[in-house]
Amino acid sequence: MDEKYFAEKIEEKWQKKWAESGAFETEIDDTKPKFYQLEMLPYPSGNLHMGHVRNYSIGDALAWYKRLKGFNVLHPIGWDSFGQPAEDAAIKRGVNPRDWTEANIEYMRGQLQRLGLSYDWRREIFAHRPDYYKFDQWFFLKMLEMGLAYKRATQVNWCPVDQTTLSNEQASGGICWRCGSQVTKKDLEQWFFKITNYADQLLDDMAEIETGWAEKVLKRQRDWIGRSEGAFIDFALKNSGEKVRVFTTRVDTIFGANAIVLAAEHPIIEAHLADFSNETCATIEKIKADKLKVVDREDEQEKEGIPTSLTAINPFSGEEIPVWVGNYVMMEYGTGAVMSVPAHDERDFEFAKKYDLPLKTVIEPQRHRDTEDLEDEDESEIHSPQSAMTEYGVLINSGEWSGKSSEDATREMASFSQEKGFGEPAVTYRLRDWGVSRQRFWGAPIPVIYCDECGVVPVPYEQLPVELPESAPFTGVGESPLARVEEFINTTCPQCGVKARRETDTMDTFVDSCWYYFRYTDPKDAEMPFAPEVAAYWMPVDQYIGGDDHAVMHLIYTRFWTKVMRDLGLVKFDEPVNRLLTQGMVIGETFFNDSSGKRVYFPSSTVKVERDANGKIVSATDTEGKSLKYAVERMSKSKGNGVDPDEMVRIYGADAARLFVLFAAPAENELVWNEAGIEGAVRFLQRVYRFVWRWHAQLKNAPKDEPSEFSAQARKLRRKTHQTIKRITENFESLQFNTPVAALMELSNELGDFKVEPDEANECDLYAINEAVRGLVLMLTPFAPHAAEELFANLVGSDKGILKSEARFPEFREELAKADEIEIPIQINGKLRSRVLAALDTPREDLETMTLANEKVKEFINGRQIVKIIVVPNRLVNIVIKN
RNA sequence: GCCCUCGUAAUCCAAUCGGCAGAGAUAGCAGACUUAAAAUCUGUAGAGUGUGGGUUCGAAUCCCACCGGGGGCACCA
């Protein structure tokens, strides 16, 4: 053992030892409970950032904790290595996406290893390699067989100059990222997965994971799915056999309908275009054209519409109402048609106001009869209301339904419509089917073949994987790059053998991340995505950790995928993740100049910053003295506020960096990066190291058996030790990582206060100190594993390693953690006036007696009347007196 | 506009069931060690919990309103 703590030396030593001994390699073991610790896998962008460090430090701490608790822990990592940046690099710099990706992985794996993360590297997966994406394709074919994959036309962002499709990011602001021209929309045939078939399961099964997932994540998923109960109602068109079906959640307001409003794309509109006036047709065209524009969704679009020549008949009232076209009705939701009830719907109200449409109140607030003075207000409301009354209430002006409550009417009118054959109760969802086609090269090819004779033919399983060619023309313009690779597209039909063409689109990369953690359980299987019996041992994931930016997309898709796998018979459960921790972002100060309208960022190293006494920025200037604006934003290279993890490791060591990241803030909070604090982490590790250095020789002679007598000082230390064990164990179970670090620091400080020199220590001192130090080191392991290994090795005199030595997380003993005597505060009328010392668990009556005997208390009471005495054992006594 | 969250010391953060506002860290100040500095050690100060109400014997904690930060949704009928 060196006298001083050299992080780099220790970290290299133990990383090597772990790799040699396979310390973190796991296999199925029925003698131990299993624990599957999972963190979201990184995209190999080229560099690890602090967000990764945070995510993986949390996961690693839990993995270590569970190992020390005797669990068989699966802790794997891999690469989400398909995706656009690889292709962008190919377009911009002419590099091959595969080479670029492999090189990035190589580099980033080194970064992860230098952090000393305890992964089973044998299980590493790579989404971009054929042995992995083979099964993306396998699943696609299964979905096709199950009727869950289908093709239809849909709109994509399209750059008319580059002749290429754009992702939403590439089309942000409605401008092409490459050429700056106006982005339009284009119809394309695309593949979809029928996630909507599982909408109700995705909602209902939330009950199974409620306790382990943050409510805010579930809420976002619920909103995303957007289940809405209501009714379909058919409005017959006058002088025609046709009907228009609307969806409404408020059938109870149907007597107030003043119009039917249709989406511009509605089939009825298409069918009657010839009957409409030129003006109507022009407006319809305009609405359609506006929808093709990519708009920033900041400002709300103004409502626009025009009456058609059609008239609909309200099936409840028989009233004839006009049919309009409106830009605020979406073809994609419900039936693409709504009944407009301006008195009771905000949007319809706005629309009616603009076009001066009649407004009929059919719901009145439920009021008590004795509110006569509200009468005046009511009157004016009826004549010209300022807004729609959207609350539930009592029906009026609704024929035989008048007088019913909204709740009753909504239910009864829906069934009535069903009985009479002009409607039915209905449920709609906001959730849409998942479009998986991408006009990209760097993704898994969709395994279908188009044959002139046979149509769409799935690639036979034995021909999987459909491999990506080595390269493709990456011009960034034109259709999918694969469409220009002759040897890829030209094939023969598996059914009839004639010449045929392959699908040239690739799959959304969210497909890869839907099932990667199932693959970890059985990463080398060549026949199946994974063996069901192997997955059955490890799955479901016990703890998943990642950013909450994935609260909807990834986490809904993967829940969907699991249910599909269940229906395929691959797994036997509904939900893949028992517990989810969403960690907060790592953010930092940014400096920029936005005079050009766009933010131009300056790396903080080139900015001169003035701060006030509180550390708040007063001014920031660039090297030329020009003043800059500043903000606190998500860390990224492009914003110049990134912190390089390698540099952190080089300067402070991986242990200190990890310890600090966990200590700085609760895992779910945002973490404002502030380099200053990390020194404290280094200092703490050094203090612990110095203590062990000073004592390790003597501690080898510490008694193995617990002495029967302890000095007061030793008892105090043992109490602290066991209290700390208790606290830290609880903290881990409740996913707190900042407070246990503080607890370790306290225990370390307590050791520092132990005023005995090593060569003067007696048996019981040695026992107590050994117990405290060993506990401290083992509890430190999840946060700073290299330092802990080194310290542990010197305490036990063996380099075998903590795990191979079968060391366990210390267990606390309640009787040792308890204080013998505690100070009970005494309040008089809620104000602190005195304290008494009492034995732990002193009963109520005794505390009361002791309090009343207290001199100060007597003084305060001074003969005044005691109204009440509140005694909370072990907490406080409060005496209420009358003045 | 609607919904969700968070506001505690100069800063990051603690505070169990509503029970003494402070565990830990950073920065500060004083001292020891040193030729000096760094490092280290010892000691020390600092908020009444965003604001205003309410419930309670007692509120950082529960309720209401407002202010401020962060996030989500935004024509979903």
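Scope of the values below: all heavy atoms of this structure, side chains included, with no hydrogens, waters or symmetry mates. The chains referred to below are lettered A, B, ... by the order of the sequence lines, with proteins before strands, and numbering in each begins at 1.
- An OP1 or OP2 oxygen of B/U16 is reached within less than 4.0 angstrom by no side-chain nitrogen or oxygen of A/Arg875.
- In this structure, CE of A/Met745 is placed 17 Å from P of B/C12, rounded to the nearest angstrom.
- In terms of phosphate contacts, A/Asn738 brings no side-chain nitrogen or oxygen within less than 4.0 Å of OP1 or OP2 of B/G24.
- Within the 4.0 angstrom heavy-atom criterion, no nucleotide atom of any strand lies near A/Arg833.
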(request) Please test A/Tyr652 against A/Phe660 for ring-ring contact (aromatic ring centres under 6.0 Å, His included), starting from the C-alpha separation and ending with a verdict. (result) CA-CA 10 Å; A/Tyr652 306 103; A/Phe660 175 64; 8.7 Å; no
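- Rounded to a whole angstrom, the distance from the C1' atom of B/G19 to that of B/G28 is 33 Å.
- Checking B/A25, B/A14, B/C57 against the side-chain heavy atoms of A/Thr739 singles out B/A14 as nearest.
- Annotation: cation-pi geometry satisfied between A/Lys303 and A/Tyr328 (NZ/CZ under 6.0 angstrom from ring centroid, within 45° of ring axis).
- Distances were taken from every side-chain heavy atom of A/Thr248 (C-beta onward) to each of B/A77, B/U40, B/C57; the shortest belongs to B/A77.
- With no hydrogens or angles considered, a side-chain donor-acceptor pair links A/Asp841 and A/Asn874 at under 3.5 Å.
- Comparing the same atom, C1', in B/G69 and in B/C29 gives a spacing of 32 Å after rounding to whole Å.
- A gap of 50 Å separates the P atoms of B/C20 and B/U35, to the nearest Å.
- Side-chain contact annotation: A/Thr428 with A/Tyr333, donor-acceptor N/O pair under 3.5 Å present.
- Side-chain proximity of A/Val872 to B/G19, B/U40, B/G24: nearest is B/G19.
- Nucleotide B/A60 forms a pair with no other nucleotide shown, judged by Watson-Crick or G-U wobble geometry with both contacts under 3.5 Å.
- For B/C63, the base is anti relative to its sugar; the glycosidic angle deviates from 0 by more than 90°.
- Side-chain N/O atoms of A/Ser317 and A/Asn314 include a donor and acceptor closer than 3.5 Å.
- Looking at heavy-atom distances under 4.0 Å, A/Glu730 makes no contact with the nucleic acid at all.
- If you take CD1 of A/Ile254 and P of B/A77, they are 16 Å apart, rounded to a whole angstrom.
- Taking atom C1' on both B/C12 and B/A27, the two are 11 Å apart, rounded to the nearest angstrom.
- Taking side-chain N and O atoms only, A/Lys868 has a distance below 4.0 Å to OP1 or OP2 of B/C57.
- When the C1' atom is used for both B/G46 and B/A25, the distance is 15 Å, rounded to whole Å.
- Residue order along RNA chain B, read from the 5' end via each residue's closest nucleotide, puts A/Ile678 first among A/Glu670 and A/Ile678.
- Inter-residue side-chain proximity for A/Asn258 and A/Lys360 is flagged as unmet; no heavy-atom pair is nearer than 4.5 Å.
- Salt-bridge formation is detected for the pair A/Glu757/A/Arg694: a Lys NZ or Arg NE/NH1/NH2 atom is positioned less than 4.0 Å from an Asp or Glu carboxylate oxygen.
- Contact check, A/Arg222 against B/C4: no side-chain N or O comes under 4.0 Å of OP1 or OP2.
- Put simply, A/Ser228 has a side-chain N or O that comes within less than 4.0 Å of OP1 or OP2 on B/A77.
- When the nearest nucleotides of RNA chain B are assigned to A/Leu832 and A/Ala665 by heavy-atom distance, the more 5′-ward of the two goes with A/Ala665.
- Here the separation of B/G72 from B/G54, taken at their C1' atoms, is 31 Å to the nearest Å.
- The shortest distance between side-chain heavy atoms of A/Asp753 and A/Lys716 does not fall below 4.5 Å.
- Across all strands shown, B/A39 forms no Watson-Crick or G-U wobble pair with both distances under 3.5 Å.
- In the model, A/Asp2 has no side-chain atom that pairs as donor or acceptor with a side-chain atom of A/Tyr689 under 3.5 Å.
- Atom P of nucleotide B/G70 and atom CG of A/Asp549 are separated by 17 Å, given to the nearest angstrom.
- B/G28 is paired with B/U44 under the Watson-Crick or G-U wobble criterion, all donor-acceptor distances under 3.5 Å.
- Residue A/Arg430 places no side-chain N or O under 4.0 Å from the OP1 or OP2 atom of B/A77.
- A/Trp693 and A/Tyr5 have their aromatic ring centers separated by at least 6.0 angstrom.
- For B/G54, the base is anti relative to its sugar; the glycosidic angle deviates from 0 by more than 90°.
- Each of B/G19, B/G24, B/U26 was ranked by its minimum atom distance to the side chain of A/Asn878; first place goes to B/G19.
- Between B/A14 and B/A21, the distance separating the two C1' atoms is 10 Å to the nearest Å.
- The residue A/Phe663 sits close to a base: some heavy atom pair falls under 4.0 Å.
- A/Gln221 has its CD atom 20 Å from the P atom of B/G71, to the nearest Å.
- Here B/G72 presents its P atom at 18 Å from CD of A/Glu215, a figure rounded to the nearest Å.
- Applying the Watson-Crick and G-U wobble criteria (two distances, each under 3.5 Å), B/G7 pairs with B/C67.
- As the counterpart of B/G1, B/C73 is assigned, both hydrogen-bonding distances of the Watson-Crick or G-U wobble pattern falling under 3.5 Å.
- With P as the reference atom, B/C6 and B/C63 are 11 Å apart, rounded to whole Å.
- In this entry the distance linking CD of A/Gln827 with P of B/G18 reads 16 Å, nearest Å.
- A distance of 6.0 Å or more separates the ring centres of A/Phe663 and A/Phe684.
- For A/Lys219 against B/C3, no side-chain N or O and base N or O form a donor-acceptor pair under 3.5 Å.
- Residue A/Lys303 places its side chain closer to B/C75 than to any other of B/C75, B/G19, B/G24.
- The phosphate of B/C13 (OP1 or OP2) has a side-chain N or O of A/Asn669 nearer than 4.0 angstrom.
- Counting only heavy atoms from C-beta on, A/Pro666 has its side chain closest to B/A14 among B/G19, B/A14, B/U40.
- Residue A/Leu744 contributes atom CG, which lies 16 Å from atom P of B/A14 at whole-angstrom precision.
- A straight line from CE of A/Met553 to C1' of B/G72 spans 14 Å, rounded to a whole angstrom.
- Both distances falling under 3.5 Å, in either a Watson-Crick or a G-U wobble arrangement, occur for no nucleotide opposite B/A21.
- Residues of residues 329-338 of chain A that place a heavy atom closer than 4.0 Å to RNA chain B, in numerical order, are A/Val329, A/Met330, A/Tyr333, A/Val338.
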